[in-house]
Amino acid sequence: MENFDLTQLRAEFPILNRKVWDKPMVYLDSAATSFTPQCVVDEICRVYNTCKANVHRGVHTLSQEATDLQEATRECVREFINAKSTEEIIFTRGTTEAINLVASSYGEMIENGEEIIVTAMEHHANIVPWQLLGRHKRVILRVVPVKKDGTLDMVTFRSLFNERTKLVAVCHVSNVLGTVNPLKEIIAEAHQYKVPVLVDGAQAISHIKVDVQELDADFYAFSAHKMYGPTGVGVLYGKRSLLKMMPPYQGGGEMIGTVSFKKTTYAELPFKFEAGTPDFVGIAAFKKSIEFMQRWGVERIAAHEKELLEYATTEMEKIPNMKIYGTAPEKSGVISFLIGNEHHYDMGMLLDKLGIEVRTGHHCAQPLMQALKIEGTVRASFAAYNTREDVDAFIAALNRVSAMLG
Ligand code: PMP
């Protein structure tokens, strides 16, 4: 692929040189968290060593520099997802906190007996926050089923809307099945009923070029640590009109206009939703990870990952008793599978002994596991730095493990 020198790209990730059980390490768990290039680690050190001063709190030079770095990342994120304004970019701790923010703030405007549409393939982070709303009032979750191939049952989806529907909460890409959901269609349908849509973009943002205006998404949540970035940083994109209406999420420093015991006023967007000292060092370094993706090209990375996904799928299908969960025509990044009756933990542990790092278990999607009538799967996932040789090593290890267990 033009401009995609994998050796050069891999050289940016020192961690790729490490061994596991004295074997070359093959990392196939980037859907859980991706590795971080040296430029991001360097930026963390640089900020700590040069301008670790609190943001938005001082007139002194160091504080100004730290604030400028944080706000430069906000602009970088805005451009990356094509939001209209930096007012619409709220820094959080991750996807989970971004969804909880919407659930507790927008959730205040949901009345007793009203409904939220979710899907059966959601991560717990896009289920439990909506269930928590039910502690104080009766909020009903309507669930879109998943079809055999791992796509959403769109006929049922369309039938779930009524005058009590207040929100649709759906993932862009399933972290178990890899299904890329038809977001534009989902959002257009919901908007016909004037229902906003929250998108859990955790598994999409580093694999698909996201344009929030083109999608017309009302909320879009994602985590930096799945984007070659630091841990502890995430983003909630929200349309300004909605964020303006919503009450604050947490109270504290940074999110206020004025405070007195009689009356407190709140800061303007986006600060209204950013109480307390943020992970401003992580936020500064996050910019480097977005620049890394832009330098290599999200579309080029996606094409490379697609090749790996297709190659791995073809090779896996040759293994006796292989069952792949999620065969949607449009998939991204992940392959979940089981072999015969072998337990996913056993497979994961043996693969690790051979240097292959995969995920096992329910992947924080227990309702999906219940629908599939399984306890868990083994999941391999890909990122920019994976190679065909990684896939070959994975397939060879799978054949060995399968023979050992079988
Ligand atoms: N949603 C999906 C689809 C995910 O894959 C994940 C991470 N596994 C999350 C939400 C939660 O992300 P975080 O833990 O970074 O908040």
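Count residues from 1 along the sequence. All ligand and atom numbering here is 1-based and tracks the order in the structure.
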Ligand 1: which protein N/O atoms lie under 3.5 Å from its N/O atoms?
residue	atom	partner	partner atom	Å
ligand 1	1 (N)	D200	OD1	3.2
ligand 1	1 (N)	D200	OD2	2.5
ligand 1	5 (O)	Q203	NE2	2.7
ligand 1	8 (N)	H123	NE2	3.3
ligand 1	8 (N)	K226	NZ	2.9
ligand 1	15 (O)	S223	OG	2.7
ligand 1	15 (O)	H225	NE2	2.7
ligand 1	16 (O)	T95	N	3.4
ligand 1	16 (O)	T96	N	2.9
ligand 1	16 (O)	T96	OG1	2.6

>> Is it the case that the side chains of E214 and N82 hold a donor-acceptor pair, with the cut-off being a distance below 3.5 Å and no angle test?
In response: no
> Is the NZ or CZ atom of K323 both under 6.0 Å from the centre of the six-membered ring of Y325 and within 45° of that ring's axis?
Replying inline: yes
> Are T92 and Y249 close enough that a side-chain donor and a side-chain acceptor fall under 3.5 Å?
Replying inline: no
>> Can you see whether F337 has R379 sitting over its ring - NZ or CZ less than 6.0 Å from the centre and within 45° of the normal?
In response: no
> If you draw the axis of the six-membered ring of F280, does the NZ or CZ of K52 fall within 45° of it and under 6.0 Å from the ring centre?
Replying inline: no
> Going from OG on S105 to CZ on F273, what distance comes out if it is rounded to the nearest 0.5 angstrom?
Replying inline: 4.0 Å
